[in-house]
*Asks:* 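Structure incoming, see below.
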Amino acid sequence: MALAGSPRAKKGILERLDSGEVVIGDGSFLITLEKRGYVKAGLWTSEAVVEHPNAVRQLHMEFLRAGSNVMQTFTFSASEDKMESQWEAVNTAACDLAREVANKGDALVAGGICQTSLYKHHKDEARIKKLFRLQLEVFARKNVDFLIAEYFEHAEEAVWAVEVLKEARKPVAATMCIGPEGDMHGVTPGECAVKLVKAGASIVGVNCRFGPWTSLKTMRLMKEGLWAAGLKAHLMVQPLGFHMPDCGKGGFVDLPEYPFALEPRVATRWDIQKYAREAYNLGVRYIGGCCGFEPYHIRAIAEELAPERGFLPPSSDKHGSWGSGLNTHTKPWIRARARREYWENLLPASGRPFCPSLSKPDA
């Protein structure tokens with residue numbers, strides 16, 4: 001199969017999804033840049049776009065080569081309540097970096113906002129919407145291609161975000177960081193999806209907090225809720241790149257390994273190929289990842305769905321399908337691993353004989 005060629009005239013996000021095209025999102029920024037030494041854990045703010053733009057640019061480029069069709073602005077927690085005087089410079093620089101890289105391929109730029117620090121304590125709709133609107137003004141000035149409201153654990157605040165983003169008259173996607181139990185107020189996934197679509201979101205789904213398989217369970221509930229309400233929307237999923245079957249309602253942040261000992265839980269590229277296929281079979285057409293989702297995970301999505309997309313991503317030039325590159329190895333037992341059946345059926349060991357396979361959430 002051919003690699004992706006030179007960029008065509010770019011179609012918008014809804015034009016792509018309406019035609020049935022698979023849109024591949026990007027992956028981990030906060031967790032990845034923290035490991036690389038550019039983000040500080042705790043507040044998880046995105047001043048790296050100003051302090052270390054080359055690091056952010058490089059990560060965008062890695063996701064683009066891996067097959068991402070969307071360069072999401074690195075503006076997580078970049079609202080005025082969390083960044084004070086830095087917020088505008090950070091949002092502006094993030095837009096510029098995302099556009100610079102998107103222009104090197106067939107990628108769109110999505111301006112992203114997330115839940116505020118105010119909602120849990122004040123629930124002041126006017127004040128919270130003002131914070132969203134400040135970021136939106138930068139996104140509008142920089143002419144991003146569409147908008148994403150992501151990482152919301154309360155449906156009400158997510159609805160407020162969608163209502164503000166709709167003011168820009170651009171397509172809006174909305175994803176919540178919830179599992180099958182629903183939001184923190186007990187609103188079910190199906191009800192969350194209905195509320196988001198009624199607020200004006202054209203694309204709905206989940207991101208972060210939970211692993212691929214739990215996230216797909218939640219997506220199924222969202223899809224069923226929309227169907228029962230007679231509503232239609234495109235579906236989007238961007239889970240963690242970690243195995244998290246032992247999460248509670250709050251997701252991975254409540255597990256004792258968060259955030260500095262998650263490495264034993266990292267999904268393999270083969271796990272992610274399976275996730276991509278199951279997401280596609282569920283009817284999801286915007287498929288990406290969140291924390292822990294490295295560029296090779298995004299490449300796994302692109303390779304799994306290459307038959308549907310008609311091409312491979314540029315980085316597949318250095319990756320043999322299902323380990324086929326091992327055919328050239330000098331050792332016969334390693335050459336024997338150059339086949340799909342081997343990697344699909346492997347049960348990888350952790351190398352930690354005294355560690356449990358699961359944990360208990362602290363909350």
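All residue numbers refer to positions in the sequence shown, counting from 1.
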*Asks:* Salt-bridge test for D246 and R265: reply yes if a basic N is under 4.0 Å from a carboxylate O, no otherwise.
*Replies:*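 Salt bridge between D246 and R265, a charged N being under 4.0 Å from a carboxylate O: yes.
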*Asks:* Applying side chain to side chain donor-acceptor pair (under 3.5 Å) to T268 and D271, what does each step give before you reach the verdict?
*Replies:* CA-CA 5 Å; T268 69; D271 293 329; 3.2 Å; yes
*Asks:* Do the numbers put R285 on top of the ring of Y280, so that NZ or CZ is under 6.0 Å from the six-membered ring centre and no more than 45° off the axis?
*Replies:*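 Judged by the rule (NZ or CZ under 6.0 Å from the ring centre, within 45° of its axis), R285 counts as positioned above Y280.
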*Asks:* May I have all residue pairs that pass ring-ring contact (aromatic ring centres under 6.0 Å, His included) and include part of residues 332-363, sequence neighbours excluded?
*Replies:*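 Non-adjacent pairs meeting ring-ring contact (aromatic ring centres under 6.0 Å, His included): W270-W343.
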*Asks:* Which residues pass the salt bridge (charged side-chain N to carboxylate O under 4.0 Å, His left out) test with K129, sequence neighbours left out?
*Replies:*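 If we apply the salt bridge (charged side-chain N to carboxylate O under 4.0 Å, His left out) test to K129, skipping adjacent residues, the hits are E125, E163.
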*Asks:* Are side-chain heavy atoms of Q273 and W322 found at a separation under 4.5 Å?
*Replies:*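 With C-beta onward as the side chain, the pair touches.
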*Asks:* Do you know which of L136, L134, V159 makes side chain to side chain contact (heavy atoms under 4.5 Å, CB included) with V164?
*Replies:*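 With V164 as partner, L136, L134, V159 yield a single side chain to side chain contact (heavy atoms under 4.5 Å, CB included), made by L136.
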*Asks:* In the structure I gave you, are the side-chain heavy atoms of E137 and E167 within less than 4.5 Å of one another anywhere?
*Replies:*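 Not in contact.
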*Asks:* May I ask you to test the F293-D26 pair for a side-chain heavy-atom distance under 4.5 Å?
*Replies:*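 SC-SC contact between F293 and D26 ruled out.
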*Asks:* Give the C-alpha distance, both sets of side-chain angles, the deciding distance and a yes or no for salt bridge (Lys or Arg N to Asp or Glu O under 4.0 Å) between R99 and D145.
*Replies:* CA-CA 10 Å; R99 179 61 70 190; D145 298 303; 3.0 Å; yes
*Asks:* According to ring-ring contact (aromatic ring centres under 6.0 Å, His included), does anything in residues 162-197 pair up with another residue at least two apart or in another chain? List the pairs.
*Replies:*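 Sorted pair list: H154-H185.
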*Asks:* Identify whether the distance between the nearest side-chain nitrogen and carboxylate oxygen of R16 and D106 falls below 4.0 Å.
*Replies:*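 A salt bridge links R16 with D106.
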*Asks:* Excluding sequence neighbours, so at least two apart, what forms salt bridge (charged side-chain N to carboxylate O under 4.0 Å, His left out) with R337?
*Replies:*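 Scan of R337 (salt bridge (charged side-chain N to carboxylate O under 4.0 Å, His left out), adjacent residues dropped) gives none.
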*Asks:* Any side-chain heavy atom of L147 within less than 4.5 Å of one from P171?
*Replies:*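 No, every pair of side-chain atoms sits at 4.5 Å or beyond.
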*Asks:* Using salt bridge (charged side-chain N to carboxylate O under 4.0 Å, His left out) as the criterion, list what pairs up with R339, not counting sequence neighbours.
*Replies:*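 For R339 there are no salt bridge (charged side-chain N to carboxylate O under 4.0 Å, His left out) partners, ignoring immediate neighbours.
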*Asks:* Do E153 and R209 sit within salt-bridge range, that is, some charged N less than 4.0 Å from a carboxylate O?
*Replies:*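 A salt bridge is present here (some side-chain N lies under 4.0 Å from a carboxylate O).
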*Asks:* Please determine if R36 and E62 form a salt bridge, counting it only when a charged side-chain N lies under 4.0 Å from a carboxylate O.
*Replies:*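 Between E62 and R36 there is a salt bridge, with a charged N closer than 4.0 Å to a carboxylate O.
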*Asks:* Please list, chain by chain and in numerical order, all residues satisfying ring pair (Phe, Tyr, Trp, His ring centres under 6.0 Å) with W160, sequence neighbours excluded.
*Replies:*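 For W160, the residues satisfying ring pair (Phe, Tyr, Trp, His ring centres under 6.0 Å) (neighbours in sequence not counted) are Y119.
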*Asks:* Taking the side chain as everything from C-beta on, heavy atoms only, tell me whether F210 gets closer than 4.5 Å to K249.
*Replies:*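 Contact flag for F210/K249 side chains = no.
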*Asks:* Under 4.0 Å between a Lys/Arg side-chain N and an Asp/Glu carboxylate O for E304 and R277?
*Replies:*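 Between R277 and E304 there is a salt bridge, with a charged N closer than 4.0 Å to a carboxylate O.
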*Asks:* Going by atom type alone, with no hydrogens or angles, which donor-acceptor pairs under 3.5 Å involve a side-chain atom of residues 216-237 and a protein atom two or more places apart or on another chain?
*Replies:*
{"from": "T218", "atom 1": "OG1", "to": "T214", "atom 2": "O", "distance (Å)": "3.1"}
{"from": "K223", "atom 1": "NZ", "to": "L282", "atom 2": "O", "distance (Å)": "2.6"}
{"from": "H234", "atom 1": "NE2", "to": "D18", "atom 2": "OD1", "distance (Å)": "2.7"}

*Asks:* Suppose we screen for ring pair (Phe, Tyr, Trp, His ring centres under 6.0 Å). Which residues come up paired with F242, at least two apart in sequence or across chains?
*Replies:*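 With sequence neighbours excluded, F242 shows a ring pair (Phe, Tyr, Trp, His ring centres under 6.0 Å) to no residue whatsoever.
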*Asks:* Can you list the residues that meet the side chain to side chain donor-acceptor pair (under 3.5 Å) rule with R57, with sequence neighbours excluded?
*Replies:*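 Side chain to side chain donor-acceptor pair (under 3.5 Å) list for R57, sorted by chain: N54, E100.
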*Asks:* Between I24 and R309, is any pair of side-chain heavy atoms under 4.5 Å apart?
*Replies:*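 In short, these two side chains touch, coming nearer than 4.5 Å.
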*Asks:* Would you mind listing every ring-ring contact (aromatic ring centres under 6.0 Å, His included) that reaches into residues 62-92, with sequence neighbours excluded?
*Replies:*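 Those involving residues 62-92 are F29-F63, F29-F74, F76-Y151.
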*Asks:* Apply ring pair (Phe, Tyr, Trp, His ring centres under 6.0 Å) to H329 and list each qualifying residue two or more places apart in sequence or on a separate chain.
*Replies:*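 Ring pair (Phe, Tyr, Trp, His ring centres under 6.0 Å) check on H329 returns nothing, list empty.
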*Asks:* Holding to salt bridge (charged side-chain N to carboxylate O under 4.0 Å, His left out), I want the full list of residues that pass it with K35, two or more places apart in sequence or in another chain.
*Replies:*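 Partners of K35 under the salt bridge (charged side-chain N to carboxylate O under 4.0 Å, His left out) test: E263.
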*Asks:* Do the side chains of L59 and I31 join up, straight or via other hydrophobic residues, at under 4.5 Å, putting them in one cluster?
*Replies:*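 Yes; I31 is reachable from L59 via cluster members.
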